[in-house]
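Working notes, structure below.
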Amino acid sequence: MIDLGISKMALIGAVALIVIGPEKLPRVARTVGALLGKAQRYVADVKAEVNRSMDLDELKKMRDTVEDAARNVENSIQTSASDFEKSWTDATDAALEPEAPAYKHPNKKWRLKQGAMPHWYKARNGLRTRALSGAARVARFRPPRAH
């Protein structure tokens, strides 16, 4: 701020003592001290704000460089991935495997299926050749009546 030496301070004090008077000098000195304190705090706040803005500028520059680096990495990954996909398709196209044959329906007629056992064998051993109804099945397995 202002460069004041001891001699200049003494001269200012003597002039103030003469002009203001000894009664009002302490109150004026307090007011001047308070104003000087406010001025120093204001200067400190301005310095802090300037430092913050400089730090923000540096952080913005760092953020921009990091974002640029991230974009470069992303682009390199995308190009390498597309190159890999292209080489993979080229390799798989070169080694074509024979395709599986298409599905063909067997055209079986399950209603016309013949039994493997001959009828004379079923008749001799008492095997069923026809389906029984529910009532016939109950009658067949009903216990005999006692008279």
Side-chain angles (χ1 to χ4, degrees), residues 1-13 15-16 19-20 24-146:
M1 289 183 40
I2 302 171
D3 186 26
L4 297 176
I6 296 176
S7 61
K8 290 182 183 178
M9 291 290 282
L11 180 65
I12 291 172
V15 170
V19 172
I20 296 172
K24 295 182 182 178
L25 187 62
R27 192 180 328 149
V28 171
R30 272 193 300 251
T31 306
V32 169
L35 291 175
L36 281 174
K38 286 182 181 179
Q40 286 177 348
R41 283 192 295 273
Y42 178 73
V43 169
D45 289 342
V46 168
K47 282 183 181 179
E49 187 66 30
V50 168
N51 287 338
R52 268 191 242 120
S53 66
M54 288 173 52
D55 290 342
L56 284 176
D57 290 340
E58 290 176 12
L59 287 175
K60 286 179 183 178
K61 288 178 185 176
M62 285 178 52
R63 185 188 70 189
D64 292 341
T65 57
V66 168
E67 285 177 352
D68 290 340
R71 277 191 219 102
N72 291 340
V73 168
E74 184 181 3
N75 290 337
S76 66
I77 288 174
Q78 286 179 349
T79 55
S80 63
S82 63
D83 293 342
F84 175 75
E85 286 180 13
K86 183 185 276 186
S87 64
W88 180 259
T89 55
D90 291 344
T92 54
D93 288 344
L96 284 175
E97 297 179 10
E99 293 185 20
Y103 175 75
K104 182 183 173 196
H105 193 274
N107 291 330
K108 291 187 176 181
K109 296 180 172 67
W110 57 273
R111 288 190 178 106
L112 301 178
K113 183 178 178 184
Q114 300 292 322
M117 231 181 280
H119 283 285
W120 61 265
Y121 181 80
K122 290 181 180 180
R124 182 176 289 173
N125 292 317
L127 297 176
R128 283 187 292 159
T129 57
R130 295 186 176 93
L132 290 176
S133 68
R137 195 173 299 114
V138 169
R140 180 175 180 195
F141 294 107
R142 184 177 295 138
R145 288 189 199 173

Interatomic distance, [X] atom [atom1] to [Y] atom [atom2] [nearest 0.5 angstrom]:
| X | Y | atom1 | atom2 | result |
| --- | --- | --- | --- | --- |
| Ser80 | Asn75 | OG | CG | 10.5 Å |
| Arg130 | Lys122 | CZ | NZ | 10.5 Å |
| Thr31 | Leu36 | OG1 | CG | 11.0 Å |
| Met54 | Leu59 | CE | CG | 12.0 Å |

Neighbour count above 12 (heavy atom, 6.0 Å) for Leu127 CG: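 Yes, because the 6.0 Å sphere around CG of Leu127 holds more than 12 heavy atoms from other groups.
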Worked check of salt bridge (Lys or Arg N to Asp or Glu O under 4.0 Å) between Arg52 and Glu49: CA-CA 5 Å; Arg52 268 191 242 120; Glu49 187 66 30; 2.7 Å; yes
Check ion pair Asp64-Lys61 (N to O, under 4.0 angstrom):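 Looking at Asp64 and Lys61, the cut-off is not met.
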Criterion side-chain contact (heavy atoms from CB on, under 4.5 Å) on Lys47 and Val50, from CA distance to verdict: CA-CA 5 Å; Lys47 282 183 181 179; Val50 168; 5.7 Å; no
Heavy-atom closest contact (Arg137 atom, Leu132 atom, distance):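 That would be NH2-O, 3.0 Å.
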Validation row: Val43, Gln40 side chains within 4.5 angstrom (heavy atoms):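 No, their side chains stay 4.5 Å or more apart.
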